[in-house]
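None of these values were measured; they are calculated from a predicted model. Values reported hereafter were calculated over all heavy atoms of this structure, with side chains retained and with hydrogens, waters and symmetry mates removed. Remember, it's 1-based here, ligands and their atoms both numbered in the order they're listed.
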Amino acid sequence: MANVVVIGGQWGDEGKGKVVDLLCPSFEHVVRFNGGNNAGHTVRFADRHFALHLIPSGIIQPTCRCAVGPGVVIDPVGLLAEIRELEAQSISVRTRLLLSSRAHLVMPGHRALDLARETARGAKKIGTTGKGIGPAYETRAGRTGVRLGLVRNEDRFREAVDATNQALGELLRGYDAPAPDPEEVEAAIVAALALAPLVGDVSQVLHDAIATKQAILFEGAQGTFLDIDHGTYPFVTSSGVLAGFAAPACGLPARAIGGVLAVLKAYTTRVGGGPFPTELNDALGEQLRRRGNEFGTTTGRPRRTGWFDAVAARAAVRWNGIDAVALTKLDVLDEVEEIPIATGYRIGGEVTTEVPDDVADLAEADPVYEVMPGWCSSTSGVTDDAELPDAARRYVARLEELLDVPIAMISTGPRREETILRAVPPFSQWFPELFRRKAPR
Ligand code: GDP
Ligand code: IMO
Ligand code: MG
């Protein structure tokens, strides 16, 4: 059984939550390895609906043990609220959730600094989620952060929080912003102390899992083009997002990763600022937003929408080492008569098939499109390849060809059960039980 990393191959919100929920019964452990509660992962089945932010989507599956790794930044107030919300929905959390002692905390001052920085940027703002993620990674790198493990000793913890607050207070003063409110800081301290029973050594647990042949699913947050190094800098998040990052972020050797499954939407969305070559600012863009219910899971903001960008997706294949793709939201294209796919960018008169490393160039990129006929019939809820309209099958086949990676899952609706599974290697080798369950056709 391979340890599989599930990542987003675009700008986030590809449907990672749905895919992780569907696959996690095959794993003993599901681990978040990057980001914080800037993420919003949706899980739906039957009439149930969950929005996960910091807790791995595997928590919905009672057999999975879940962990939040050292590379994640944890907002203690947000996490406690998330735990309570899941418990109110009859999901047992505290017995199955382990939080890394090495993970850094997001405190009220981080959130205040996030907002102060965004305000100061004016029209050039990143459009962050306002969750304090950037500043939390900043104090981590600046060695003034607070690690969750300190909650095991309240005096030392309070001392570290004071030091972080001081560092943040100085930065906030630079923006004429007030120091963090002491009551809010105290509430964060109390919340963090309440998490103490869940704190442990995630790396050790995962090492033991590997030694005893228990399988791990690494649940990525955000998407490839929000990666701090390879994304559309500075319009990115503040952590690594690429699949390979899962291993060091969890204190594991690179060989711990057995496979990479990327989730890609059948079109593209982006929330926040930054270049988006295939963006549609017209009625079709609005149609995709409506049909796809493209509103942020974390902030409720409308997502920007556009066509599938094969130039970007091919770069994502290379950077992540993608072995298989889960293509989501095919049903959202059901009413579109002609579906363009970007296969190149025209920048300053030259056509390139590579993603430029400078956002100014990317902002200028005029996509070169190949246009596929739409199917203009419903694929909503389809669970069998054979039931897809021919034009839909051809669209999927063309994406597969452009990416040179097998599309192993096709999602045709938000619910767990609205999915086509394809017995293509290596996916079928990672999940033999998914195919054994199905009667031979
Ligand atoms: P994540 O951040 O990658 O987990 O994605 P989000 O949960 O933020 O956003 C994906 C949204 O699309 C959620 O509302 C899902 O319920 C929904 N979704 C996922 N797959 C499909 C699909 O195949 N069809 C439709 N219509 N909705 C989907
Ligand atoms: P999931 O895991 C979509 C975007 C923000 C902003 C930029 C920086 O649900 O796919 P940050 O708050 O991280 O400093 O914001 O990154 N962003 C996401 N966009 N999905 C996400 O997560 C995102 N997490 C961050 O909108 O543009
Ligand atoms: Mg999301």
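- Remark: minimum distance from atom 27 (N) of ligand 1 to any protein heavy atom is reached at Lys329 CE, 3.4 Å.
- Looking at Leu333 and Tyr395, their side chains come closer than 4.5 Å, going by heavy atoms from C-beta outward.
- Between the side chains of Arg117 and Thr128, no donor-acceptor pair of N or O atoms lies under 3.5 Å.
- At least one heavy atom of Thr412 lies less than 4.0 angstrom from ligand 1.
- Legend: side-chain hydrogen bond (donor to acceptor under 3.5 Å, both in side chains) pairs involving residues 12-21, not counting sequence neighbours, sorted by first then second residue: Asp13-Arg303, Glu14-Lys16, Lys18-Ser411, Lys18-Thr419, Asp21-Arg416.
- Scanning for side chain to side chain contact (heavy atoms under 4.5 Å, CB included) contacts around Pro356 gives Tyr345, Ile347, Asp361, Leu362, with sequence neighbours left out.
- Inter-residue side-chain proximity for Tyr369 and Phe308 is flagged as unmet; no heavy-atom pair is nearer than 4.5 Å.
- Under 2.8 Å from the Mg ion (ligand 3), one finds the following protein N/O/S atoms: Asp13 OD1, Gly40 O.
- The 12-atom threshold is exceeded at CD of Glu279, counting heavy atoms of other residues, nucleotides or ligands nearer than 6.0 Å.
- Not a single heavy atom of Gly12 sits under 4.0 Å from any atom of ligand 1.
- Checked by distance only, ligand 1 and Gly15 come closer than 3.5 Å through their nitrogen or oxygen atoms.
- Closer than 4.0 angstrom to ligand 2 sit non-hydrogen atoms from Trp11, Gly12, Asp13, Lys16, Asn38, Ala39, Gly40, His41, Ile126, Gly127, Thr128, Thr129, Ala221, Gln222, Leu226, Val236, Thr237, Val271, Gly272, Arg301.
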Exercise for the section: Show your working on side chain to side chain contact (heavy atoms under 4.5 Å, CB included) between Arg422 and Val396 and close with a plain yes or no. Expected result: CA-CA 12 Å; Arg422 299 165 127 192; Val396 173; 3.8 Å; yes

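- Considering Gly40, Ser411, Gly292 only, the shortest heavy-atom separation from atom 23 (O) of ligand 1 involves Ser411.
- Within a 6.0 Å radius of CZ in Arg102, no more than 12 heavy atoms belonging to other residues, nucleotides or ligands are found.
- Not a single heavy atom of Gly8 sits under 4.0 Å from any atom of ligand 1.
- Looking at ligand 1, you'll find an N or O of Asp331 within less than 3.5 Å of one of its N or O atoms.
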Handout entry: Verdict with supporting geometry, Arg84 and Glu87, salt bridge (Lys or Arg N to Asp or Glu O under 4.0 Å)
Key = CA-CA 5 Å; Arg84 290 188 177 134; Glu87 286 174 344; over 6 Å; no

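- Distances shorter than 4.0 angstrom do not occur between any heavy atom of Gln10 and any atom of ligand 1.
- Residue-to-ligand polar distances keep Arg291 apart from ligand 1: every N/O pair is separated by 3.5 Å or more.
- The environment of OH in Tyr233 is sparse: at most 12 heavy-atom neighbours from other residues, nucleotides or ligands sit within 6.0 Å.
- The distance criterion of under 3.5 Å between nitrogen or oxygen atoms is met by Gly17 with respect to ligand 1.
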Exercise for the section: Please lay out, stage by stage, how Phe431 and Phe435 fare under the test ring pair (Phe, Tyr, Trp, His ring centres under 6.0 Å). Expected result: CA-CA 7 Å; Phe431 303 104; Phe435 299 97; 8.3 Å; no

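- Remark: Met107 CE to Glu184 CD distance equals 10.0 Å, nearest 0.5 Å.
- Under the 3.5 Å distance criterion, the side-chain polar atoms of Glu418 are matched with a main-chain donor or acceptor of Arg415.
- Both the backbone and the side chain of Asp13 come within 4.0 Å of ligand 1, judged by heavy-atom distances.
- The option with the heavy atom closest to atom 28 (C) of ligand 1, from among Pro414, Gly296, Ala221, is Pro414.
- Side-chain polar atoms of Glu433 and Ser26 form a donor-acceptor pair below 3.5 angstrom.
- A salt bridge (charged side-chain N to carboxylate O under 4.0 Å, His left out) with Glu294 is found for one member of Arg301, Arg289, Lys329 and no other, namely Lys329.
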